[in-house]
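Working notes, structure below.
For the numbers below, each heavy atom of this structure counts, side chains included, while hydrogens, waters and symmetry mates do not. Reminder, nothing fancy here: chain letters follow the sequence lines and each chain counts from 1. The structure displayed is predicted, hence computed values, not measured ones.
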Amino acid sequence: MPELPEVETSVKGLNILIGLKVYKVKIYTKKLRYIIPKSIIKIQKDSKIINIQRIAKYILIHFSSNFSIVVHLGMSGRLKIQSELTKRNKHDHFIIYFKNSKILVLNDPRKFGFIDFDHTKKIYSRKYFTVLGIDALSKKLNINYIYNKISKSEVPIKQILLNQHIVSGIGNIYANEILFDSRISPFTKGKNLKIYQLTRLIKSIRKILVKAIKYGGSTIRDYASSDGTLGNFQSNFFVYNKEGKKISKFAIKKVIQYGRSTYYCPELQKE
DNA sequence: AGTGAGGCCTGAAAGC
DNA sequence: TGCTTTCAGGCCTCAC
């Protein structure tokens, strides 16, 4: 599912858990993408959530016991806040029970997500964090940075936007929307992008993601924020999932690029 | 070192 | 209607 706006929306919803005391942690499925560390039960008993944070598409939950959990939602993962009386659903893999009878549930049908756990101090040096490029919403994302990263690249810009090691947080939906917004062809190689295009691209990244967050992310399958409300940005899609639709008499095309769907308007996004 | 295919899973939708 | 195939908000690993 989730790209930066959906993860950001989840984190906002999870903030109501701050201050709650844990009384039990339970693993119902041992292995998602990776095996859930058994040591995660160390957070049990009177440890409180003190902060929740987003890094790229990862969610970090920090506990007063100086332990932290990392959650990655993969393609189909979702965090739900429910009452402990709620019946456990299919694909509910991991649950934190709180003393006020609320529970935090990770549901992930495809199991492409994962959960990690360690001391707060140590968690930030995980490989999957250290390799990340600048966050798509960071003020540090500027022309210099992008130019240095891609001015020699033979890779099409669509693929570059999906590379979390260059800019982190953008996924397939928003890569399509961002390229349309900046009127850049998804096939243009990094080295062929003009400075004025990079300027537009950076503006579009921020504009599209900020707007998507404002709408609570996109719900195209079953994505919902932690309180169950549905994101609404999909009604603002210009190109994603819009094959054959027209934008001022120009049709939107779909092609498969590196195994992912690319939607674009050839007349408005020329190479 | 950089690049691109394959694989990990399940379920909904499309195709026949 | 029912069976089969395709496709999906991600990302790691492994050949080249």
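- The partner of B/dG2, taking Watson-Crick or G-U wobble pairs whose two distances both stay under 3.5 Å, is C/dC16.
- The distance from atom CG of A/N163 to atom C1' of C/dC12 is 13 Å, rounded to the nearest whole Å.
- Here the rule is salt bridge (charged side-chain N to carboxylate O under 4.0 Å, His left out) with A/D116, and of A/K122, A/R126, A/R33 only A/R126 fits it.
- Residue-level contact check: A/Y58 touches the backbone only, with heavy atoms under 4.0 Å from sugar-phosphate atoms and none from bases.
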Run the salt bridge (charged side-chain N to carboxylate O under 4.0 Å, His left out) check on A/E154 and A/K191 step by step: do they pass?
CA-CA 6 Å; A/E154 296 279 344; A/K191 65 170 187 179; 3.1 Å; yes

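- Residue-to-nucleotide contacts include a donor-acceptor pair under 3.5 Å from the side chain of A/R110 to the base of C/dA8.
- Of the listed nucleotides (B/dG11, C/dA8, C/dC11), C/dA8 has the atom at the smallest distance from the side chain of A/Y240.
- Contacts of A/K31 with the nucleic acid, taken as non-hydrogen atoms under 4.0 Å apart, involve only primed sugar atoms and P, OP1 or OP2.
- C/dC11 and B/dA1 have their P atoms separated by 23 Å, given to the nearest Å.
- Shortest non-hydrogen contact noted between A/A251 and A/P266 is O-CD, 3.6 Å.
- With C/dG10, C/dC12, B/dC9 as the choices, the nucleotide that has an atom nearest any side-chain atom of A/Y34 turns out to be C/dC12.
- Of the listed nucleotides (C/dC11, C/dG10, B/dC9), C/dC11 has the atom at the smallest distance from the side chain of A/Q164.
- Ring-plane geometry between A/F114 and A/H72 is classed as parallel, the angle between the planes falling under 30 degrees on a 0 to 90 degree scale with a further cut at 60.
- Close to B/dG11, at under 4.0 Å from its OP1 or OP2, lies a side-chain N or O of A/H91.
- When the P atom is used for both B/dG6 and C/dT6, the distance is 14 Å, rounded to whole Å.
- Nearest-nucleotide positions on DNA chain C place A/I256 closer to the 5' end than the other of A/L162 and A/I256.
- Here C/dG10 presents its C1' atom at 17 Å from NZ of A/K111, a figure rounded to the nearest Å.
- Between A/R260 and C/dG10, a side-chain N or O to OP1/OP2 separation shorter than 4.0 Å is present.
- By the 30° and 60° cut-offs, the orientation of the rings of A/Y58 relative to A/Y128 is parallel.
- For A/K254, the listed nucleotide lying nearest its side chain is C/dA8; candidates were C/dC12, B/dG11, C/dA8.
- The phosphate of B/dT10 has neither OP1 nor OP2 within less than 4.0 Å of any side-chain N or O from A/K90.
- In this structure, A/K99 is not positioned above the aromatic face of A/Y23 in the sense of NZ or CZ being under 6.0 Å from the six-membered ring centre and within 45° of the axis.
- When the P atom is compared between B/dC9 and C/dC3, the two are found 26 Å apart, to the nearest whole Å.
- Atom pair A/I59:CD1 and C/dG10:C1' shows a separation of 14 Å (rounding to whole Å applied).
- Comparing A/V155 and A/F112, the nucleotide of DNA chain B nearest to each residue sits closer to the 5' end for A/V155.
- Here the nucleotide nearest the side chain of A/Y258, chosen from B/dC9, B/dG7, B/dA5, is B/dA5.
- Residue-level contact check: A/Q159 touches neither bases nor backbone, having no heavy atom under 4.0 Å from any strand.
- Residue A/K57 places at least one side-chain N or O under 4.0 Å from the OP1 or OP2 atom of C/dC11.
- Distances from the side chain of A/Y128 to the nucleotides C/dC12, C/dC11, B/dT10 place C/dC12 closest.
- Neither OP1 nor OP2 of B/dG2 sits under 4.0 Å from any side-chain N or O of A/S153.
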